[in-house]
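Structure, as structure tokens:
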Amino acid sequence: MTSLPVWAPTAQQMRVTIDGDIHSMRETGDGWWESPVPASPGARYGYLIDDSTDPLPDPRSPRQPDGVHGLSQVHEIDPDIWSDSDWQGRPVAGAVIYELHVGTFTPDGTLDSAIAKLDHLVDIGVDFVELMPVNTFNGTHNWGYDGVGWYAVQETYGGPDALARFVNACHLRGLGVIIDAVYNHLGPSGNYLPNYGPYLTEGATSWGQSVNLDEADSDEVREFILGSALRWLEVFHVDGLRLDAVHALVDRTALHLLEEMQMRTDALSHRVGRPLSLIAESDLNDPKLITSRTDGGYGLAAQWSDDGHHAIHTTVSGERQGYYADFGSLECLSKVLREGFFHALTYSSFRRRRHGRPINHQRVVTTSLVVYTCNHDQIGNRAIGDRPSHYLDPGQLAVKAALVLTSPFTPMLFMGEEWAASTPFQFFTSHPEPELGEATANGRKAEFAEHGWDAADVPDPQDPETFSRSKLNWDELAEQPHAALLGFYRDLITLRKSQLEYSDDDFDSVAIDFDDSNTWFAMHRGALSTIVTLTEAPAEPPFSGTVLLAFENGASNGIEPGRNVTSPTLAGHSVLIIRRD
């Protein structure tokens, strides 16, 4: 039973409808109201503000059975779902993370259907599953970043109990779970927070009005966000949160929201007796996020490193458009692998100003940076949502994988990359409002038209086929070249976990060599060397040792594990990992 408390500081009166009966609410102080009649589990309810006759959903709704515009439902997770009491968790530092979108991961696009694919992730050596946002949004399918219900789980994914079943199934297989949480903006449809109080400010980000983190009455807004974060971690047994675009969190208070969230997370971690991790996505290259609180930082476990992605991607692909312009040289790649950030108080031609700040290698470990060959943004925000497998050959894909998975950073895969999936991952929406859908589609086409793309080539995000095209084709795993890439990823991850040198999280543990003619590049981790060829021409890197793993693109020189090699001849776009003599 619950009294359905709600914060509505500007309301003159509040009423609540519970299963069709309307009751006047009573003030309890500081802008809070509660129902004089408790609501039973399963009850449908909504709030009537002042003289309104249209009930609104609960900002803290635990479930929205009829979508973001419908009534809320009193709901608690079925306790019989949980059988993960033996799960002790693990830190994300150095773990292998796997990002996936629930709606396109399987044909059915639900959390329950995703459970059937978890053994595949275990087989290749994944440690954490990172779910793109699963909170409620309007429509049937979406990337999730247009969410408006920060406490509820999208019903088309299966709702809250389905998320609990998924997390429990992951834990039983030794997999941790990370939820992508968006607290920097709200979606354009179904956001009723402004009706209740000053949740937003007059300021704006790229996605709309800023969330009120530091203006009048912001304390309750912050508690609203913190409550959502802790709900994922505690109620759903989740092991970590990936915090979207934290650079868009406008907070000028002395205790930044991120630091406060980390403090609350640490306290919860102590209480539940297992590690809980926060990972930030930030555009600032600011090491303060991952510097400990004792050293003046926020103390987050990790942050995504786009510099790592850009350095690897441009070196292999040759792309230099847009924000890739400053990347692409082997010296750039060397700097990122040795220092973490490329832009660190250096001039960014894309931004036309200085950007970033150097990482203090005495205070920050390498595994605080999450690096990837691709992610949902770096694929889906391309004009046609094409994966690297659409324009790179298998050898180039293997080179990118080797540079990420033998790097000193925490590696992350994006769903399907391990078998070079042929399906795109495009930007898709399902806004029921025709005008919003049309505006989204037109805006997408206009954005890419400015960069020289034919608008006719840009997929319509509202077209159901755009969503369908983005679903993984699991039948590819047994076909070539998909099977060969899958085997290489599996072997790479096994190698990463079996060699002690790969667990060294000191920036000084990395050394680099490369050829001035740009034909080969070598990353050394102690006595281990990852050697890659970057052109189509063969190369003879001047190293000798015992072969641990090799991927030769379109050629076979008999370089097999266990063989001793000296200045071996490598085919173009190939990988050789050796233990040096």
[X] ring center near [Y] ring center (under 6.0 Å):
X: Trp304; Y: His309; answer: no
X: Phe467; Y: Phe427; answer: no
X: Phe341; Y: His355; answer: no
X: Phe425; Y: Trp143; answer: yes
X: Tyr199; Y: Phe224; answer: yes

Ion pair present between [X] and [Y], side-chain N to carboxylate O less than 4.0 angstrom?
X: Arg44; Y: Asp66; result: yes
X: Asp283; Y: Arg351; result: yes
X: Asp251; Y: Arg222; result: yes

Considering residues, nucleotides and ligands other than [X], do more than 12 of their heavy atoms fall under 6.0 Å from its [atom1]?
X: Glu76; atom1: CD; answer: no
X: Lys471; atom1: NZ; answer: yes
X: Gln321; atom1: CD; answer: yes
X: Glu435; atom1: CD; answer: yes
X: Arg252; atom1: CZ; answer: no
X: Asp30; atom1: CG; answer: no
X: Glu223; atom1: CD; answer: yes

Compare all side-chain heavy atoms of [X] with those of [Y] and state whether any distance is below 4.5 angstrom.
X: Ile279; Y: Gln303; result: no
X: Val6; Y: Met25; result: yes
X: Ile77; Y: Phe236; result: yes

Going by atom types alone, do [X] and [Y] pair a side-chain donor with an acceptor below 3.5 Å?
X: Ser61; Y: Gln73; answer: no
X: Thr201; Y: Gln209; answer: no
X: Arg469; Y: Gln426; answer: yes
X: His237; Y: Asp84; answer: yes
X: His313; Y: Gln378; answer: no
X: Tyr47; Y: Asn195; answer: no
X: Asp161; Y: His75; answer: yes
X: Asn212; Y: Asp217; answer: no
X: Asn138; Y: Ser189; answer: yes
X: Trp33; Y: Gln13; answer: no
X: His185; Y: Asp146; answer: no

Does [Y] offer a backbone N or O that forms a donor-acceptor pair with the side chain of [X] under 3.5 Å?
X: Glu99; Y: His376; value: yes
X: Gln154; Y: Phe137; value: yes
X: Ser470; Y: Thr104; value: no
X: Asp127; Y: Val96; value: yes
X: Tyr151; Y: Ser228; value: yes
X: Ser468; Y: Pro464; value: yes

For Asp50 and Arg15, which heavy atoms make the closest approach, and how far apart are they?
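Shortest heavy-atom contact: O-NH2, 3.5 Å.
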Smallest separation among heavy atoms of Thr367 and Ala302, with atom names
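Looking at all heavy atoms of both residues, the closest pair is O-CB, 4.3 Å.
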Among Val221, Leu257, Leu193, find the one that has a side chain to side chain contact (heavy atoms under 4.5 Å, CB included) with Val211.
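So, applying the side chain to side chain contact (heavy atoms under 4.5 Å, CB included) to Val211 and each of Val221, Leu257, Leu193, only Val221 qualifies.
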Quickly, which of Leu258, Leu249, Val182 forms a side chain to side chain contact (heavy atoms under 4.5 Å, CB included) with Leu243? Name it, please.
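Single pass found, and it is Leu258.
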Report the relative orientation of the aromatic rings in [X] and [Y]; use parallel for angles under 30°, tilted for 30 to 60°, perpendicular for over 60°.
X: Tyr323; Y: His310; value: parallel
X: Tyr298; Y: His256; value: parallel
X: Trp150; Y: Tyr183; value: perpendicular

Check against side chain to side chain contact (heavy atoms under 4.5 Å, CB included), Val92 and Ile178
CA-CA 9 Å; Val92 299; Ile178 300 167; 4.1 Å; yes
Test log, rule side chain to side chain contact (heavy atoms under 4.5 Å, CB included), inputs Asp306 and Asp377
CA-CA 10 Å; Asp306 275 347; Asp377 275 329; over 6 Å; no
Quick check for you: to the nearest 0.5 Å, what is the distance between Ser277 atom OG and Leu300 atom CG?
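Rounded to the nearest 0.5 Å, the OG-CG separation comes out at 9.5 Å.
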Using salt bridge (charged side-chain N to carboxylate O under 4.0 Å, His left out), reason through Arg242 and Asp244 one step at a time and then give a plain yes or no.
CA-CA 6 Å; Arg242 180 264 190 188; Asp244 181 66; 2.9 Å; yes
Give the intermediate values and the outcome of ring-ring contact (aromatic ring centres under 6.0 Å, His included) for residues Trp87 and Trp82.
CA-CA 11 Å; Trp87 172 248; Trp82 299 114; over 10 Å; no
